Structures are given as C-alpha cells and as structure tokens.
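Data first, discussion second: the structure below is written as structure tokens.
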Amino acid sequence: MFRKILIANRGEIACRVIATARRLGIATVAVYSEADAAARHVERADEAYPIGPPPARESYLRADRILDAARRSGAQAIHPGYGFLSENADFAASCAAAGITFIGPPEGAIRAMGSKAASKALMEEAGVPLVPGYHGEDQDPALLADHAARIGYPVLIKASAGGGGKGMRVVESAVAFAEALEGARREALASFGDDRVLVEKYLTRPRHIEIQVFADTQGNTVSLFERDCSIQRRHQKVIEEAPAPGMDPARRARMGEAAVAAAKAVHYVGAGTVEFIAEGDEFYFMEMNTRLQVEHPVTEAITGLDLVEWQLRVAAGEPLPLPAEALRITGHAVEARIYAEDPSQDFLPSVGMLAHLRQPREGGGVRVDTGVRAGDAITPNYDPMIAKLIVHGPDRAAALSRLSAALAEYEVVGVRTNLDLLRALAAHPDFAAGGVDTGFIARHPEVLAAPEDPPATATTVWAAAALAVLRDERAAHPAESGDPHSPWAEMDAWRMNGDGYQDLHFQRDGATTVLRAHFRRDGRLRLDLPGGAADVAATPDGVLVDGVRRRVQVVRADDALTVVLDGRNHALRPIDPRSPPRAEAVGSDRVASPIPARVVRVLVAPGDRVTKGAPLLVVEAMKTELTLRAPADGTVDSVRAAPGDMVQEGRDLVTFAASAG
Ligand code: ADP
C-alpha cells in the first residue's frame, strides 16, 4: 500500500479521499488554488501545495504543477477525484511517465471511453444496447439535420466530449435544429475544447440507471449494483438512490452483465460507472465514466464498502477485496446534492459567503460529505455544490423519512440553495411511490414553488427579528443606559411607570411593517404583530412566543437580517424611519449580470427595439449558459460588454432609452 498520496482536487471529494487515506494510515498531500488557500481540504491534509490562480485551467487543470507538487512532496500516487483531470488520458500518461501511480483506469481505457461517440461505436461492437442515433465523425450540419430527421423528432444533441449535462440540447422539430446545434457546439467548445456532437433519439420518459463496476489488475471485474439517478434538473443529477425503485433481480443481473462486458471491452481497472438510459424493460448504454462518481456514497451505504479504499488497493496492485458472490445489498440509500443555486431562476448558480451553515447531525444512517465550513465562500470559479447528504435505512420509506428529517435540519444563509426543492422532492407522494423518471421535476412544477409557511411561522419570524434588533441595539449602546434619550432609557422608564415601548421598523418583500414592542417587568416583551399581540422572550437557541418554544437562528449580514426557521430563510431589513429610502438597485431601464460571468454572445446593438423577454446577451458562469432578457419593451441605448468580457455581478450590461410609453 502507498505511504503518501496526493489528491488532485478540491472540495468535498478531496476531503472524502483524505478521510479514507487517514483511516488507512496513508499520508495526504493537498493542492490548492489561490482561492482555496484556507479551504477545508487544505486544512484536512497533512501537507498542501499551491498550484496557481483561482481559475481551474490555471490551477486544478495544470498537470505540470500537480506533478511537480507530487514530486516535491514524495507522493507515490495521485487520486484525481472527479471532474478536473480525472478523465484526462494525457494526465494519466504523464503520471506513469513520472513514475507516479494514477489512481484510476489505464490511459487506454480513459481514451476509449472519453468520447461518447467513439465509445458508442465500441459498445456496439461489444453487443451492448444503444439508443438509436448518429455518432459518426462527419459533423456537417446538413448531415446531422438529415440524421435527426431519420431518427425522428424529438432528438437530443449531445457533446461528444460531454459531461455534467453541458453541450446538450433537446430538439423538438426540424425548424429548431440549426439553432440548437449551434448552442450545443458553443457550449461544448467552451466546456471541453471540442465541439463535436452526436445526435440520438430523445426518450420522453426514461430513467437514468447506472451500474458501479470495479476491476483489478488480476482480471476480476464485478458489478456493485445499480444507482437510480433519474431525479435531475437541466440533465444534471439532483437525487440519487440505490437500489433503483422497482428493480428486479433478473434485470439487475442483465444490466450488471452488460456493464461488466463494457468494462472488459476496454480492459478496465479501478472504479467506473456504466450509465444506461432505461425505458420500459429496455436499457441502453449512454456512456462510461472512468472515475469515482459524485454519488458513489449510496453504493457504499448499501454494500457497506469504502470505494475509495477499493480504489487505493486496486491501484496498489492488490486484488479486489471481495468476489462478486460476497457482495450484498443491505437496505436503501438516497443522496441529495445541496447546491448553491436558485431553482426559481432556472437553477442559476448563486455565489456568496456562507454567513451561516448548520448541517444535520451525522450518524444513525445520516452522512454529510462537504468541502465547506461556515464563513467559506461559494465562488464562480468552481462547481456550486455545497454538500452531499446521504441517508441509509432498512428500506426506501425509512431512508426517505431520514432524508426529510435531515433536510429539515439543514440551514444555509448567504447563498440561495436548492434545499426547498430537495425537501419538496423528499416529501412528494409520487417520489415516495417510486415513480421516478428524468422528467419528474418538469412534470411536477409544484416542487419548484416556494413552500407555504404554516400559520405560526410569521409570528415566530417577527418575534425573532424584533428580539435580534433590540439585542443588537443594547449591545451597540451599552454605555447609554443612563442617557435619557436612548430606547433603553425608555425601557428603564417603563420599569417604573409601566408603559415604555419602542417601535421597530422593518422592510420585508417590499413593504414596511412597524412592530411596537412593549417592555414588561419580567423581562419579556409584548409585541404588536401584524397578526395580533404576543408575549415574546428569547431562549438560548430561539424564541418563546405565547409559551411556544421554537428553535430559531438569526443571521445578520450587512444591513439585512435572515431568520432561519425549520431550515427556511426569511429575509428582512431593519430600517431607521428617519433615513431616506434605499434606491432600488436595478430598474427596468437596464440589465445587469446577476452573477460574475463571462459574456458569450451579444444579441443586440444600440438603437434596436426589443420587446419584453427578448434575448439580449448570453453569459456563462460555472460552465452554464444564461440568457439575459429585456425586462420591458424598449429601445437599446447602450451595450457595455463584448464577447469574452468577464463581468462582475451587478454590472450594467445593457441600458435602455426612456420608453415611449
Ligand atoms: P452528461 O455526461 O453530460 O451528464 P449523459 O449522456 O450522461 O450526459 O446524459 C445526462 C442525462 O441526459 C441523462 O441522465 C438523461 O437524463 C438525459 N439523457 C441522455 N440521453 C438521453 C436520451 N437519449 N433521451 C432522453 N434523455 C437523455
């Protein structure tokens, strides 16, 4: 076994690999970009080396710097994690040339599976079933359109080098093909430096079922069963589970055999995942991911194995720790990916500092894999995943109960998250019934709606906000208690004559609310709230409202206040009625980038008349394209960005001339 390994990654997966290495007594070396100098993975490792500026291509994708860190530290092997260099055959070859073990499959297997198109051709030969489609070399648009017509609409255009749902477009009819092809190519080029695509039949109600395989250098290849990853948004996984709902042993065996055949066809070694798309009783090969997957913990939960340990043993030349006959499924596991993103804005990534982070307690079937702590930032440089929550239970219903309970404990303030969506999914009767397919979220738009608060919520939120403001004022002016003009003097005054009060002004959802706080002799407050008066007191972890005790977290950031109750965030702004009202940041006369981004395309010029909703610009952040649209009918006055520009959040990109009416 290795004495020391380097982890060529960041975030939760780097922390995950370090945890197993530590358990096995293997020393760990982290690498970090300038943005990550104080990151959790750096703190967890035994030593850490800087590898360059924040953008991944100048740091985590710099094979030369990573190899240099490996040499300087004396690491014997490199674990690439997922993403970054994990499926880069040249990197695997460079490791070998430097005498360092690449903890992953041989270069040849990565190359063979690296292109979705070429791997399909290979799988066709090996007799693995494929979705009807075109995966040839000739990329002439007219030829591709011709194939699309022959396959029959709807079709799916996919980046041949694709991953993470990027460079993928569903095309409903021939008229939309050319534009979709252009978009897919542009995104593919930006994400993978390769604009080749394939075209295949778009299945309308499929499931994504993948098989975890493992192979050693002695020629043993096993299936570690399936994961169902059908709950997706923008063709990216949101919830994964194992085993797949409704899977029967015969079908599991057939899929396992097909996956093992796929791995053997490329002389696979190590951990890999063969992804299938399934509809009815049929299943078709989509691609093989030649690395550890994000969702590997659900397989760990149901098999009781540590897949990173298996990777390390196989890379060190040991045989697979267990033969196929010894592998068993115990219970059911579900993973939810917690993302910094805004589901109500088409899953736009959200950046910012995690002003507050509370994770569910681990143990008892609950596991949290994360790379961040409170105070860390989600930046536009990397994937916006905050954490993975993995639950395990004796059966699916038990696992889903644990998932709901753990999600209720999750608190994140500082970025928008998909937590409400995950909670809605975990509690959805159709999901509980096992009715999963990749269209689930689109078919159930109610899971994207803001959940309705129970009636008591508003009162608790106001009470917590009022207490927080009063406490902050007292903390800010401790010496003023003798000042007759201070609010606390009023309070003292009340203590003698019994009618002191203070008005607190808040702005919430665009409206101003005034709460009158009456101070009582027993230290409690009586608050006049929008829903009536209530007796209110602070407790060590929350508030007491008319005798009802609730756990509440209040987080102050700048001049805003967030009250976290049952895992949901309620934003308010305490205001001073004497100060002038704040100007609205962005009106309808301009369009700003909602996020730090790179401008991909500019679709309008000064003088153009546009109608509300017309596309103005395409920007790209975190490898996702976002179209910025006109907020109202109008005439473009100025365009302040050009393709290739990096723009800051809130910077005006297009302004409009005063509208004619
Ligand atoms: P990526 O590597 O970018 O993640 P995949 O090929 O793995 O792309 O596909 C991602 C997702 O896109 C799948 O899980 C599935 O939801 C959807 N998808 C892929 N191929 C098809 C298809 N032929 N029909 C319908 N949906 C598909």
Side-chain angles (χ1 to χ4, degrees), residues 82-84 86-88 110 113-120 123-124 128-135 147-148 150-172 180 183-185 187-212 226-241 244 255 259 262 272-280 282-295 335 337 347 383 385 436-443 622-625:
Y82 53 70
F84 296 135
S86 62
E87 293 183 281
N88 184 313
I110 303 177
M113 289 297 186
S115 148
K116 284 190 210 287
S119 68
K120 284 196 170 170
M123 291 301 110
E124 205 161 32
V128 179
L130 300 181
V131 189
Y134 170 79
H135 46 258
H147 275 286
R150 219 170 306 157
I151 295 162
Y153 287 93
V155 299
L156 184 63
I157 303 175
K158 273 189 197 179
S160 200
K166 274 133 207 167
M168 204 183 276
R169 292 286 191 284
V170 180
V171 197
E172 299 291 344
R185 283 198 161 149
E187 209 169 286
L189 193 66
S191 300
F192 317 110
D194 178 347
D195 71 352
R196 283 175 297 172
V197 298
L198 60 90
V199 183
E200 64 186 29
K201 180 83 196 152
Y202 183 64
L203 306 179
T204 47
R205 228 168 143 158
R207 288 168 68 179
H208 174 121
I209 300 180
E210 58 187 32
I211 303 283
Q212 174 73 56
E226 79 279 3
R227 294 184 285 259
D228 190 314
C229 314
S230 299
I231 302 290
Q232 304 183 341
R233 54 108 177 101
R234 300 179 75 151
H235 296 123
Q236 273 187 276
K237 300 159 186 169
V238 178
I239 291 186
E240 304 100 339
E241 57 184 309
M255 293 186 78
T273 296
V274 182
E275 295 191 330
F276 294 102
I277 189 147
E279 204 172 46
E282 304 301 321
F283 60 90
Y284 311 99
F285 172 86
M286 267 194 301
E287 64 168 339
M288 180 168 187
N289 289 326
T290 55
R291 53 169 165 81
L292 196 67
Q293 302 266 96
V294 175
E295 59 273 21
E335 173 180 282
R337 299 189 187 190
F347 303 98
D383 186 86
M385 192 166 73
V436 294
D437 64 74
T438 61
F440 190 95
I441 292 179
R443 211 170 44 252
M622 292 153 161
K623 295 193 175 151
T624 303
E625 283 196 1

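Just follow the structure's listing: the first ligand is 1, and inside any ligand the first atom is 1. Fair warning: this is a prediction, and the values are worked out from it, not measured in the lab. Heavy atoms only: backbone and side chains are in, while hydrogens, waters and symmetry mates are out.
- Counting heavy atoms closer than 4.0 Å to ligand 1, residue K201 contributes backbone atoms (N, CA, C, O) but none from C-beta onward.
- In L203, the parts holding a heavy atom less than 4.0 Å from any atom of ligand 1 are both the side chain and the backbone.
- With rounding to the nearest 0.5 Å, the separation of CE in M123 from CD in E287 is 12.0 Å.
- For atom 17 (C) of ligand 1, the nearest non-hydrogen atom of the protein is H235 CD2, 3.6 Å.
- Although no hydrogens or angles enter the test, the distance criterion places a donor-acceptor pair under 3.5 Å between the side chain of E187 and the main chain of G167.
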Can you give me every donor-acceptor pair (side chain of residues 151-164, partner residue at least two apart or in another chain, under 3.5 Å) with its distance?
| residue | atom | partner | partner atom | Å |
| --- | --- | --- | --- | --- |
| K158 | NZ | E200 | OE2 | 3.1 |
| S160 | OG | S115 | OG | 3.2 |
| S160 | OG | A117 | N | 3.3 |

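- Shortest contact from atom 9 (O) of ligand 1 to any protein heavy atom: M168 CE, 3.5 Å.
- From the protein, the heavy atom lying nearest to atom 6 (O) of ligand 1 is K158 NZ, 2.9 Å.
- The residue from M288, E279, M286, H208 that puts a heavy atom closest to atom 19 (C) of ligand 1 is M286.
- Atom 11 (C) of ligand 1 has its nearest heavy-atom neighbour, among E210, R207, Q232, in Q232.
- Distances shorter than 4.0 angstrom do not occur between any heavy atom of K237 and any atom of ligand 1.
- Using the six-membered ring where Trp is involved, H235 and Y202 have ring planes that are perpendicular, over 60° apart on the 30 and 60° scheme.
- In this structure, R227 does not pair ionically with E240, as no charged nitrogen and carboxylate oxygen lie closer than 4.0 Å.
- Taking a cut-off of under 4.0 Å to the non-hydrogen atoms of E200, the atoms of ligand 1 that pass are 20 (N), 21 (C), 22 (C), 23 (N).
- Among residues two or more places apart in sequence or in another chain, the salt bridge (charged side-chain N to carboxylate O under 4.0 Å, His left out) test is passed with E295 by K237, R337.
- When Q232, R233, R234 are each tested for a side chain to side chain donor-acceptor pair (under 3.5 Å) with Q236, only one passes: R233.
- Applying the 4.0 Å criterion to heavy atoms of T438 picks out, from ligand 1, the atoms 16 (O).
- Considering backbone and side-chain atoms together, V131 places no N or O closer than 3.5 Å to any N or O of ligand 1.
- Nearest protein neighbour of atom 3 (O) of ligand 1, counting heavy atoms only, is G165 N, 2.6 Å.
- Near L156, with a cut-off below 4.0 Å to any heavy atom, the atoms of ligand 1 are 18 (N), 19 (C), 20 (N), 21 (C), 22 (C), 27 (C).
- Contact annotation: for I277 versus ligand 1, heavy atoms closer than 4.0 Å belong to the side chain alone.
- Smallest separation of non-hydrogen atoms from R205 and D437: NE-OD2, 3.3 Å.
- With Q212 contributing its side chain and E226 its backbone, the two residues share no donor-acceptor pair below 3.5 Å.
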